[in-house]
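Worksheet: the structure to be examined is printed underneath.
Scope of the values below: all heavy atoms of this structure, side chains included, with no hydrogens, waters or symmetry mates. Small disclaimer: the values here were computed from a predicted structure and weren't measured. By convention in this document, chain letters (A, B, ...) are assigned in the order of the sequence lines, proteins followed by strands, and residues within each chain are numbered from 1.
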2 protein chains.
Amino acid sequence: MTQTRPYSDAIERVKHAGLRPTRQRLALARLLFQGRDRHVTAEQLHGEAKSEEIPVSLATVYNALHQFTRAGLLREVVVEPGRSYFDTNVDDHHHFYFEDSGQLQDIPGEEVRLARLPEPPSGTRVDRVDVIIRVRENG
Amino acid sequence: MTQTRPYSDAIERVKHAGLRPTRQRLALARLLFQGRDRHVTAEQLHGEAKSEEIPVSLATVYNALHQFTRAGLLREVVVEPGRSYFDTNVDDHHHFYFEDSGQLQDIPGEEVRLARLPEPPSGTRVDRVDVIIRVRENG
DNA sequence: GTGATTGCAAATCTTTTGCACTAAA
DNA sequence: TTTAGTGCAAAAGATTTGCAATCAC
């Protein structure tokens, strides 16, 4: 279930997205995609890069995250105001959101069944359906 | 379906929430609750107050929105980074989000059926389940 | 070379905070 | 009174932007 992607995939992914494989994008792609799926903020990823001695500016991290998202390599998840998470899992799935800690956890798509959904308003089409189960610690 | 609440309710709501019925809170409560259900941002509500000659500071609007939310009079809806919407409909329901315009639209609870949901992680309880159907205009 | 990309600092935007002032009880 | 609430301006965060320097092709 937890798929691990080969390290060398990073360059392929970036290229395949139609983006120039710059040092920064490749380094970020490795950080994002080489291990298991994850949920990161721009600030977090920037911090990781820094601690791995990879010089990247925060602005470039933001650029890369958005470019990767546009390319379908990432999915942006909004659960709290003022902070965006980027999810390396772009398959059909949903999320637990731990309100106490601010953590996200994937829920595989098949664990949620939407038995009934309304028609999209006329003139629109469904881009995606987000299900967020907000949980908190038992008091 | 679209319930209209009496104007005089505002003061009751505020008092019932355990909040002092100050001029500002009452005015905001009227703007929020006297008509049909709505989705507003702090900035919007502040603008409305201003155009109705109701002097309220933006900080107070934020305070009131959060106090009302804590009291169960409002529900905060997060659909895009950096902006919070406050929904006067606190019944069980979900949302369409129009990605092009940034508008929200309620979906009555019964129009979505969650046939299967995973158990909350041990040690946690479900606070609420948000379903957001993101739609965009047909290209 | 040339156009895409980057870094930096400044700017923007939303939201929060500190604190003196005001008002409700 | 006395305590909660308010306004203001500053601060805090997250994200974006402008532009010169740099890199990929």
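- To the nearest angstrom, C1' of dG5(D) lies 17 Å from NZ of K15(B).
- Dashed line: the shortest gap from a side-chain N or O of S57(A) to OP1 or OP2 of dG7(C) is under 4.0 Å.
- When distances are taken from the side chain of T22(A) to each of dA24(D), dA24(C), dT6(D), the shortest belongs to dA24(D).
- Straight-line distance from the CD atom of E80(B) to the P atom of dA14(D): 18 Å, rounded to whole Å.
- Atom CD in Q24(A) sits about 11 Å away from atom C1' in dA24(D), given to the nearest Å.
- Using a 4.0 Å cut-off, some side-chain N or O of H66(A) falls inside it from OP1 or OP2 of dT16(D).
- Salt bridge D127(A)/R136(B): present, at least one basic N to carboxylate O contact under 4.0 Å.
- Across every non-hydrogen atom of P121(B) and F98(A), the tightest pair is CG-CZ, 3.6 Å.
- Put simply, CD on Q44(B) is 16 Å from P on dC13(C), counting in whole angstrom units.
- Checked against dG7(C), dA23(C), dG3(C), the side chain of R20(A) finds its nearest nucleotide in dG3(C).
- Within 4.0 Å of R83(B), counting heavy atoms only, lie sugar-phosphate atoms of the nucleic acid but no base atom.
- Checking dT6(C), dA14(D), dG7(C) against the side-chain heavy atoms of R25(A) singles out dT6(C) as nearest.
- When each of N63(A) and N63(B) is assigned the nucleotide of DNA chain C with its nearest heavy atom, N63(A) is the one assigned upstream, toward the 5' end.
- Backbone-only contact: S84(A) has heavy atoms under 4.0 Å from sugar-phosphate atoms and none from a base.
- Between the CZ atom of R70(B) and the P atom of dG5(D) there is a distance of 10 Å, given to the nearest Å.
- Rounding to whole angstrom units, CG of residue L19(A) and P of dA4(C) are separated by 13 Å.
- Of the candidates dT17(C), dT6(C), dT15(D), dT17(C) carries the atom nearest the A59(B) side chain, counting heavy atoms from C-beta on.
- Between Y62(A) and dT16(D) there is no side-chain N or O to OP1 or OP2 distance below 4.0 Å.
- Backbone-only contact: P21(A) has heavy atoms under 4.0 Å from sugar-phosphate atoms and none from a base.
- Residue L65(A) contributes atom CG, which lies 14 Å from atom P of dA14(D) at whole-angstrom precision.
- Note on ring orientation: taking the six-membered ring where Trp is involved, the planes of H93(B) and H95(B) are perpendicular (angle over 60°, cut-offs 30° and 60°).
- Contact annotation for P55(B): backbone-only contact, meaning every heavy-atom pair under 4.0 Å involves sugar-phosphate atoms and none involves a base.
- The NZ-P distance, from K50(A) to dC8(C), rounds to 11 Å in whole Å.
- For S84(A) against V78(A), the heavy-atom pair with the smallest separation is OG-CG2, 4.3 Å.
- In terms of position along DNA chain C, the nucleotide closest to V61(A) lies nearer the 5' end than the nucleotide closest to the other residue of the pair V61(A) and E76(B).
- As judged by a 4.0 angstrom heavy-atom cut-off over every strand, H46(B) is placed among residues making no nucleic acid contact.
- In the model, E76(A) has no side-chain atom that pairs as donor or acceptor with a side-chain atom of T69(A) under 3.5 Å.
- Checking H39(A) against D106(A) by side-chain atom types alone, a donor-acceptor pair falls below 3.5 Å.
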